[in-house]
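Lettering of chains follows the sequences in order, A, B, ..., and the numbering in each one begins at 1.
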Amino acid sequence: MIRFAHVFKSYPNGALALKDVSFLLNKGEFVFLTGHSGAGKSTILKLLFGEQRPTQGEVRVANFVVNTLRAGDVPRLRRRLGVVFQDFRLLADRTASENVAFALEVTGARRDTIPARVMRVLTQVGLASKARAYPRELSGGEQQRVAIARALVNDPPILLADEPTGNLDERATRGVFQLLREINGGGTLVVMATHDLDLVRQTTYRTIELRDGGIVFDSAVDEVKA
Amino acid sequence: MRLLLREVLLSFRRTPLLSALSVTTIAFALFTVGLFGLVAVNLRQALRGVEERVEIVAFVLRGTPSETITLASQDVAAFPEVSDVAYVSEDQALARARKDLVEFRDAYRDLQVNPLPASLEIRLKPGYRDSRHVQSVAERLRSFKFVEDVRYGRDWIARLDQLRNLTGLVGFLIGAAFAAVAVVIIGVTIRLTILQRAREIAIMRVVGASNWFVRGPFLLEGAFKGLMGGLLSLALCRAAYTLFQQNVGGALSGLIFFNTGHMLLIVLFGVLLGLGGSLVSVGRHLRDVH
Ligand SMILES: Nc1ncnc2c1ncn2[C@@H]1O[C@H](COP(=O)(O)OP(=O)(O)O)[C@@H](O)[C@H]1O
Ligand SMILES: [Mg+2]
């Protein structure tokens with residue numbers, strides 16, 4: 001479903017963010033990307049949703065080759081992915097349900113299907129009762145749930161999460177993490193970048209650890225060998 | 001579609017001052033072009049009247065046998081540019097002079113010898129009544145042996161032609177300058193709007209809105225501003241035309257305004273200006289949003 005083959009990425013300013021990164025992620029997996037700040041986690045996710053292109057090597061996501069993606073194909077790739085960020089990225093002047101509906105409106109979904117689909121995902125993330133609340137009226141954990149609902153509303157087979165619990169307290173972190181596990185339980189491939197090692201140790205999920213742009217540990221590879 | 005229209009209206013509310021400024025500069029650009037266009041249209045109308053009367057007169061050497069002239073005039077009538085040829089004999093010329101030139105009537109009456117030469121008066125077909133064709137026909141007439149001199153309003157025709165071209169050029173240049181300013185202002189408006197809406201645009205993109213969906217509102221907005229600017233410029237042209245007619249128009253009868261085709265063209269031009277201006281800057285500024 002996702003394949004990195006000897007990927008290098010340098011930014012225009014010369015920073016080398018990824019060095020020879022290779023891995024294969026399968027349908028239905030839950031994968032942690034770990035490593036200290038600046039290790040290259042976000043860069044991997046940006047390559048996955050087509051915001052950046054690899055400098056060298058090949059990135060494949062759900063039948064798309066990111067290297068040669070045409071501008072018109074980027075939106076098609078993104079409709080097959082859900083992405084959530086540390087800072088939620090909600091629109092302050094829209095309610096929870098309007099924020100979720102926004103993703104459907106701007107991708108040309110049929111209008112009459114929108115309310116039902118929005119309610120379905122809001123229920124899935126446990127926020128049906130807060131549908132009319134504005135982001136400022138919601139806790140951090142709730143705001144992140146709205147963002148997750150927005151990411152899921154197009155039924156993507158892949159969910160990318162860049163430090164989704166980075167702005168949350170411990171209780172909200174557990175809640176959001178539990179939600180991501182449930183989503184993965186439904187068959188969605190979840191890639192979660194985090195530096196919260198407590199979270200990583202709680203589970204036996206696959207972990208890919210980065211340091212200075214290179215993979216130093218991949219539980220799927222290294223534990224089999226050991 | 002309804003969503004797009006809503007976006008357009010919203011954007012006017014977001015940046016009312018700049019939006020109004022864009023519309024006004026587009027209107028002024030087209031107003032300038034329009035004013036010079038009006039002058040050009042009216043000059044052309046006037047030239048048409050003049051051109052109808054464009055004549056080339058070939059004076060015939062005294063003593064040329066009339067058969068030679070008849071034959072030659074058949075040749076001349078066969079020139080592709082020529083619509084008709086009239087022979088004016090010496091006597092007819094004198095009679096005409098007596099009639100037309102009242103002041104000299106007495107002088108002509110007392111003449112013993114007719115001083116006026118016979119001539120061929122040649123009129124050209126429509127479409128050939130410009131200085132280039134007039135000159136080429138005159139050239140060929142001179143090559144007839146019995147032709148003593150050829151007269152035509154060469155300078156005068158050429159000057160009218162030049163004036164018309166110059167008017168068009170000046171109008172175009174000033175209009176283009178205004179159009180450039182309009183494009184810059186549209187660019188600034190778009191830049192501001194994109195900055196204001198950077199968050200929204202970034203989200204649109206991340207959830208997979210198509211590029212045209214993101215650009216659509218900006219382009220539609222630009223086209224709409226162009227439309228308004230075009231209509232406004234027509235109103236300005238009409239006002240200027242009426243004002244001119246009321247104050248000095250009396251002296252110049254038969255002034256005309258644009259026809260429907262011209263007006264549609266001006267409005268279309270406005271729409272293209274707004275659309276083009278938006279297209280140029282929207283791509284550039286959107287690239288900065290992530
Ligand atoms: N847009 C960018 N331009 C230049 N350098 C960048 C950019 N994004 C990230 N980097 C650099 O690439 C490296 C990896 O960054 P990132 O992928 O954000 O790491 P992480 O998410 O693990 O903290 C860092 O050295 C960072 O400074
Ligand atoms: Mg990061």
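- Scanning both residues, A:Phe102 and B:Glu200, for their nearest heavy atoms gives CZ-CG, 3.7 Å.
- Atom CZ of A:Phe85 has more than 12 heavy atoms from other residues, nucleotides or ligands within 6.0 Å.
- More than 12 heavy atoms of other residues, nucleotides or ligands lie within 6.0 Å of CG in A:Asp112, so this atom counts as buried by the packing criterion.
- Neither the backbone nor the side chain of A:Arg80 has a heavy atom closer than 4.5 Å to any heavy atom of chain B.
- The two atoms that bring B:Gly208 and A:Pro75 nearest to each other are O-CB, 3.5 Å, heavy atoms only.
- For the atom pair CG of A:Asp93 and CZ of B:Arg199, the computed distance is 10.0 Å after rounding to the nearest 0.5 Å.
- A:Arg78 contributes no side-chain N or O that, together with a main-chain N or O of B:Ala209, makes up a donor-acceptor pair within less than 3.5 Å.
- Shown here for B:Val207 and A:Val106, the closest heavy-atom pair between the two residues is CG2-CG2, 3.7 Å.
- Surrounding NZ of B:Lys125 are more than 12 heavy atoms belonging to other residues, nucleotides or ligands, all under 6.0 Å away.
- Counting non-hydrogen atoms of other residues, nucleotides and ligands closer than 6.0 Å to CZ of B:Phe257 gives a total above 12.
- One finds the CZ atom of A:Arg79 at 6.0 Å from the OG atom of B:Ser210 (value rounded to the nearest 0.5 Å).
- A:Arg94 CZ to B:Ile203 CD1: the interatomic distance, rounded to the nearest 0.5 Å, is 9.0 Å.
- Listed by sequence position, A:Phe49, A:Glu51 are the residues of residues 40-61 of chain A in contact with chain B, using a 4.5 angstrom heavy-atom cutoff.
- Proximity to chain B (any heavy atom under 4.5 Å) is shown, for A:Leu104, by neither the backbone nor the side chain.
- Other residues, nucleotides and ligands place no more than 12 heavy atoms under 6.0 Å from the CZ atom of B:Phe269.
- By the neighbour-count criterion of 12 heavy atoms within 6.0 Å, atom NE2 of B:His133 is densely surrounded, having more than that number from other residues, nucleotides or ligands.
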